[in-house]
*Asks:* 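Quick one: structure below, then a few questions.
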Amino acid sequence: MVNKFLYPNGGSETYIFKLGEQLQKKGHEVQYFGMEHAGRIVGNRLECYTTDMDFHGGGLQRLLYPFRIIYSGEAKRKMRRVLEDFRPDVVHLNNINFQLTPSILYAIRDCGKKTGKKIKIVYTAHDYQWVCPNHMMRVPATGEICFACRGGDFSQCSRKRCIHNSRIKSILGTIEAKYYALRRTYGMVDVIVCPSEFMKKQLDSDPLLADRTMVMHNFMDTERMEAPGRGSRGDYVLYFGRFSEEKGTRTLLEACRALQEIPFVFAGTGPLTEEVDRVPNVKNLGFVTGEALRDLIAGARFSVYPSEWYENCPFSVMESQTYGTPVLASDLGGAPELVEAGRTGELFRGGDVQDLTEHIRELWEDETLCEEYSRNCKNINFDTVAEYCAKIVKNIYR
């Protein structure tokens with residue numbers, strides 16, 4: 001299992017830890033490769049990892065980052081050492097760009113040639129990095145949804161300052177994308193797992209990737225996520241997640257201000273926390289996890305997922321539905337594949353404050369409809385991690 005972070009950091013880390021754990025339960029030997037970090041919780045037999053890269057730090061190391069984020073000789077060298085020791089049948093890549101770089105693909109190829117053993121390479125696409133240098137298909141300066149680089153014209157990334165609104169970082173992202181496109185590096189991958197049809201459609205725009213993609217929606221650990229005791233349901237509307245522009249938080253706050261009679265509960269943190277705290281009918285609980293979060297989700301009349309970028313297969317939507325909580329989601333990215341409008345929730349036009357406001361008001365005022373959606377949500381069957389793992393092993397790893 002290869003991922004730049006080997007500590008709990010986000011969705012891709014949850015994915016590799018749960019999948020790796022399930023593979024081990026089934027008798028497979030699993031080792032991990034990525035960056036060293038004080039919080040690392042998985043690893044490999046050689047204890048061999050790349051140097052932690054903190055893009056927000058300073059010093060001499062930072063001067064070398066422009067070279068290391070395009071091609072990392074250290075990652076390639078250390079990856080080869082781990083492979084030659086472990087000699088795996090499959091290497092499953094996840095988030096590798098910038099900190100590890102696709103240079104590790106050449107280490108896998110070289111190891112296969114040296115040992116005479118075919119190593120299958122699987123990649124799970126957690127974002128759009130291989131067709132969009134800033135991985136989000138969104139221009140940060142304007143919030144514009146963008147397809148400009150799809151098709152290989154990566155120079156648009158530099159022109160629009162798509163990476164952190166920085167000209168230098170965007171130029172480096174453009175160079176990285178063009179370099180690996182010219183070398184046809186991603187053609188070394190055997191299978192690309194896309195967690196949504198929308199993701200598959202974007203990656204299929206590159207002919208090199210198109211015949212390698214397949215769709216598998218994310219798993220839900222339903223044994224861990226049996227619905228808790230509910231108590232009363234329906235006295236608030238819930239948003240849980242990061243408080244940021246791309247998550248649609250500011251648009252949702254505008255709707256909250258227009259709906260003073262409706263109580264909202266927010267659970268999370270992020271750069272827009274101060275704005276969240278200034279809205280009188282919003283109760284900000286901060287970061288919530290575990291049983292407290294489960295009870296919070298299960299007790300809401302419905303949850304809102306207002307994301308304004310092309311989310312892949314959002315766990316937040318799946319979590320809500322697992323507890324029988326309907327979801328009002330934006331119509332962007334992979335979320336519409338999870339919400340059946342008129343049956344398990346509703347969809348609104350992403351970024352449209354008026355449309356969002358009207359949908360929230362209508363759902364809040366129709367408790368009977370929300371209860372109907374709730375009953376329908378309980379009939380949704382997501383793959384458990386065991387079922388997902390069995391499909392991976394049977395259909396992809398072989």
*Asks:* Charged N to carboxylate O under 4.0 angstrom, Asp85 versus Arg45?
*Replies:*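 Here Asp85 pairs with Arg45 in a salt bridge, since their nearest N and O are under 4.0 Å apart.
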*Asks:* I would like to know whether Phe382 and Phe219 meet ring pair (Phe, Tyr, Trp, His ring centres under 6.0 Å); could you show each step before the answer?
*Replies:* CA-CA 6 Å; Phe382 297 114; Phe219 55 79; over 10 Å; no
*Asks:* Please check if any side-chain donor atom of Lys76 sits under 3.5 Å from a side-chain acceptor atom of Tyr71, or the reverse.
*Replies:*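 Present: a donor and an acceptor within the cut-off.
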*Asks:* Please check: side-chain N/O of Glu371 versus main-chain N/O of Thr368, any donor-acceptor pairing under 3.5 Å?
*Replies:*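 Side chain of Glu371 to backbone of Thr368, a donor-acceptor pair under 3.5 Å: no, none is there.
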*Asks:* Determine, step by step, whether Phe33 and Val91 satisfy the side chain to side chain contact (heavy atoms under 4.5 Å, CB included) criterion, reporting the C-alpha distance in whole Å, the side-chain angles of both residues, the deciding distance to 0.1 Å, and the verdict.
*Replies:* CA-CA 10 Å; Phe33 181 76; Val91 174; over 6 Å; no
*Asks:* Answer with yes or no after comparing the ring centroid distance for Tyr7 and His37 against a 6.0 Å cut-off, counting only values under it.
*Replies:*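 Here the rings of His37 and Tyr7 have centres that are less than 6.0 Å from each other.
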*Asks:* Side-chain donor-acceptor contacts of residues 251-265 below 3.5 Å, not counting sequence neighbours, with atom names and distances?
*Replies:*
from	atom 1	to	atom 2	distance (Å)
Thr251	OG1	Glu308	OE2	2.3
Gln260	NE2	Arg257	O	3.1

*Asks:* Sequence neighbours excluded, which residues qualify as side chain to side chain contact (heavy atoms under 4.5 Å, CB included) partners of Thr101?
*Replies:*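 Side chain to side chain contact (heavy atoms under 4.5 Å, CB included) list for Thr101, sorted by chain: Ser72, Ser103, Tyr180.
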*Asks:* How about Arg150: does its CZ atom have over 12 heavy atoms from other parts shown lying under 6.0 Å from it?
*Replies:*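 Counting other residues, nucleotides and ligands, CZ of Arg150 exceeds 12 neighbours.
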*Asks:* Within the 4.5 Å heavy-atom criterion, are Val139 and Thr142 side-chain neighbours or not?
*Replies:*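 In contact.
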*Asks:* I'd like to know if Glu74 pairs up with Lys78 as an ion pair, taking the criterion as any Lys NZ or Arg NE/NH1/NH2 lying under 4.0 Å from an Asp or Glu carboxylate oxygen.
*Replies:*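 Yes, this pair counts.
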*Asks:* Between Arg294 and Glu319, is there a salt bridge with N-O shorter than 4.0 Å?
*Replies:*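 Salt bridge flag = no for Arg294 with Glu319.
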*Asks:* The criterion is salt bridge (charged side-chain N to carboxylate O under 4.0 Å, His left out); which residues satisfy it with Asp204, sequence neighbours excluded?
*Replies:*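 Expected list: Lys200.
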*Asks:* Evaluate Asn94 against Ser12 for side chain to side chain donor-acceptor pair (under 3.5 Å), listing each step before the verdict.
*Replies:* CA-CA 7 Å; Asn94 291 271; Ser12 63; over 6 Å; no
*Asks:* Ignoring hydrogens, what is the shortest heavy-atom contact between Ser374 and Pro326? Give both atom names and the distance.
*Replies:*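 Minimum heavy-atom separation between Ser374 and Pro326: N-CG, 3.8 Å.
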*Asks:* Would you please name every residue forming a salt bridge (charged side-chain N to carboxylate O under 4.0 Å, His left out) with Lys178, sequence neighbours left out?
*Replies:*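 Listed in chain order: nothing, the list is empty.
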*Asks:* With side chains defined as the heavy atoms from C-beta onward, is the minimum distance between Leu100 and Asn3 less than 4.5 Å?
*Replies:*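 No, side chains not in contact.
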*Asks:* Please evaluate residues Lys118 and Asp89 with respect to the criterion salt bridge (Lys or Arg N to Asp or Glu O under 4.0 Å), reporting the C-alpha separation (whole Å), side-chain torsions for both, the decisive distance (0.1 Å), and the verdict.
*Replies:* CA-CA 7 Å; Lys118 166 62 179 175; Asp89 299 299; over 6 Å; no
*Asks:* Any side-chain donor paired with an acceptor under 3.5 Å for Ser320 and Thr325?
*Replies:*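 Judged by distance alone, the side chains do not pair up.
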*Asks:* For the residue pair Phe17 and Ile41, establish whether any side-chain heavy-atom pair is separated by less than 4.5 Å.
*Replies:*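 A side-chain contact exists here, since the closest heavy-atom pair is under 4.5 Å.
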*Asks:* Just so I know, are the side chains of Phe243 and Lys247 near enough to count as touching, which here means a heavy-atom distance under 4.5 Å?
*Replies:*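 No; the side chains remain at least 4.5 Å from each other.
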*Asks:* How are the rings of Tyr186 and Trp130 set relative to one another: parallel (under 30°), tilted (30 to 60°) or perpendicular (over 60°)?
*Replies:*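 Parallel.
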*Asks:* Going through the checks in order, is the salt bridge (Lys or Arg N to Asp or Glu O under 4.0 Å) test met by Asp110 and Arg80?
*Replies:* CA-CA 8 Å; Asp110 293 347; Arg80 186 187 297 121; 3.6 Å; yes
*Asks:* So, Tyr397 and His28: side-chain donor and acceptor under 3.5 Å apart, yes or no?
*Replies:*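 The answer is no; no qualifying pair exists.
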*Asks:* One thing to verify: whether Lys391 and Asp383 come together as a salt bridge, which I'm taking to mean a side-chain N less than 4.0 angstrom from a carboxylate O.
*Replies:*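 A salt bridge links Asp383 with Lys391.
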*Asks:* Would you please name every residue forming a salt bridge (charged side-chain N to carboxylate O under 4.0 Å, His left out) with Glu365, sequence neighbours left out?
*Replies:*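 Here no residue qualifies.
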*Asks:* Would you say that more than 12 heavy atoms from the other residues, nucleotides or ligands in this model lie under 6.0 Å from the NZ of Lys26, or not?
*Replies:*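 For Lys26, atom NZ is not crowded (no more than 12 foreign heavy atoms under 6.0 Å).
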*Asks:* For the residue pair Thr174 and Phe154, what are the closest heavy atoms and their distance?
*Replies:*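 Looks like OG1-O, 3.1 Å.
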*Asks:* Considering only heavy atoms from C-beta outward, does the side chain of Thr249 approach that of Pro306 to under 4.5 Å?
*Replies:*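 When only atoms from C-beta onward are counted, Pro306 and Thr249 do not touch, as no gap falls below 4.5 Å.
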*Asks:* Any link between Val279 and Phe266 through a network of hydrophobic side chains (Ile, Leu, Val, Met, Phe, Trp, Tyr) touching at under 4.5 Å?
*Replies:*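 Val279 and Phe266: one cluster.
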*Asks:* With no hydrogens and no angle check, just 3.5 Å: does a side-chain donor-acceptor pair link Gln31 and Glu29?
*Replies:*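 The answer is yes; a qualifying pair exists.
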*Asks:* With a sphere of 6.0 Å drawn around CD of Gln354, does it hold more than 12 non-hydrogen atoms of other residues, nucleotides or ligands?
*Replies:*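 Result for CD/Gln354: open.
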*Asks:* For a 4.5 angstrom cut-off between non-hydrogen side-chain atoms, does Val304 reach Leu238?
*Replies:*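 Val304 vs Leu238: side chains apart.
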*Asks:* Between Ile297 and Tyr323, what is the shortest heavy-atom contact and its length?
*Replies:*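 Reported closest heavy-atom pair: CG2-CD1, 3.4 Å.
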*Asks:* Does the side chain of Tyr49 reach to within under 4.5 Å of the side chain of Asn44, using non-hydrogen atoms?
*Replies:*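 SC-SC contact between Tyr49 and Asn44 confirmed.
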*Asks:* In terms of hydrophobic clusters joined by side-chain contacts under 4.5 Å, are Met136 and Phe5 together?
*Replies:*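 In one cluster: yes.
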*Asks:* Give the table of side-chain donor-acceptor pairs shorter than 3.5 Å for residues 341-348, with sequence neighbours excluded, one pair per line with atom names and distance.
*Replies:*
from	atom 1	to	atom 2	distance (Å)
Thr344	OG1	Glu340	N	2.9
Glu346	OE2	Tyr373	OH	2.4

*Asks:* May I have the step-by-step check of salt bridge (Lys or Arg N to Asp or Glu O under 4.0 Å) for Arg40 and Glu47, ending in yes or no?
*Replies:* CA-CA 11 Å; Arg40 179 176 58 78; Glu47 294 292 324; 3.1 Å; yes
*Asks:* With the threshold set at 4.0 Å, does a side-chain nitrogen-carboxylate oxygen contact exist between Arg212 and Asp190?
*Replies:*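 Here Arg212 does not pair with Asp190 in a salt bridge, since their nearest N and O are not under 4.0 Å apart.
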*Asks:* Measure across Leu332 and Ser307 and return the closest heavy-atom pair with its distance rounded to 0.1 Å.
*Replies:*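 Heavy-atom minimum between the residues: CD1-O, 3.8 Å.
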*Asks:* Please assess Ile396 against Met216 for the test side chain to side chain contact (heavy atoms under 4.5 Å, CB included), listing each intermediate value before the final yes or no.
*Replies:* CA-CA 11 Å; Ile396 298 174; Met216 284 186 68; 3.6 Å; yes
*Asks:* Between Phe315 and Tyr15, does the ring centre distance come in under 6.0 Å?
*Replies:*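 No, ring centres 6.0 Å or more apart.
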*Asks:* Take a 6.0 Å sphere around NZ of Lys283 and say whether it holds more than 12 heavy atoms from other residues, nucleotides or ligands.
*Replies:*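 Not more than 12 within 6.0 Å, no.
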*Asks:* Honestly curious: do Val42 and Val385 fall in one hydrophobic cluster under the side-chain, below-4.5 Å linking rule?
*Replies:*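 Yes.
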*Asks:* Show your working on side chain to side chain donor-acceptor pair (under 3.5 Å) between Glu362 and Trp364 and close with a plain yes or no.
*Replies:* CA-CA 6 Å; Glu362 290 170 2; Trp364 179 259; over 6 Å; no
*Asks:* Out of curiosity, does Leu6 fall in the hydrophobic cluster containing Phe86 (side-chain heavy atoms, cut-off under 4.5 Å, transitive links)?
*Replies:*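 As far as the 4.5 Å side-chain criterion goes, Leu6 and Phe86 are not connected within one cluster.
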*Asks:* Identify whether the distance between the nearest side-chain nitrogen and carboxylate oxygen of Lys114 and Glu84 falls below 4.0 Å.
*Replies:*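 Looking at Lys114 and Glu84, the cut-off is met.
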*Asks:* Going hydrophobic residue to hydrophobic residue with side-chain gaps under 4.5 angstrom, can you get from Val353 over to Val276?
*Replies:*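 No, separate clusters.
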*Asks:* Honestly, is Arg183 close enough over Tyr106, meaning NZ or CZ under 6.0 Å from the six-membered ring centre and within 45° of the axis?
*Replies:*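 Judged by the rule, Arg183 and Tyr106 form a cation-pi pair.
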*Asks:* What heavy-atom pair brings Leu203 and Cys194 nearest, and what distance separates the two atoms?
*Replies:*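 Heavy-atom minimum between the residues: CD1-SG, 4.0 Å.
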*Asks:* Can you see which heavy atom on Pro314 is nearest to which on Tyr305, and at what distance?
*Replies:*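 Minimum heavy-atom separation between Pro314 and Tyr305: CB-OH, 3.1 Å.
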*Asks:* Would Met1 and Leu19 satisfy side chain to side chain contact (heavy atoms under 4.5 Å, CB included), going step by step from the backbone distance to the final call?
*Replies:* CA-CA 9 Å; Met1 287 284 183; Leu19 183 56; 3.6 Å; yes
*Asks:* If we count only N and O atoms by modelled type, under 3.5 Å, do the side chains of Ser196 and Asn312 hold a donor and an acceptor together?
*Replies:*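 Present: a donor and an acceptor within the cut-off.
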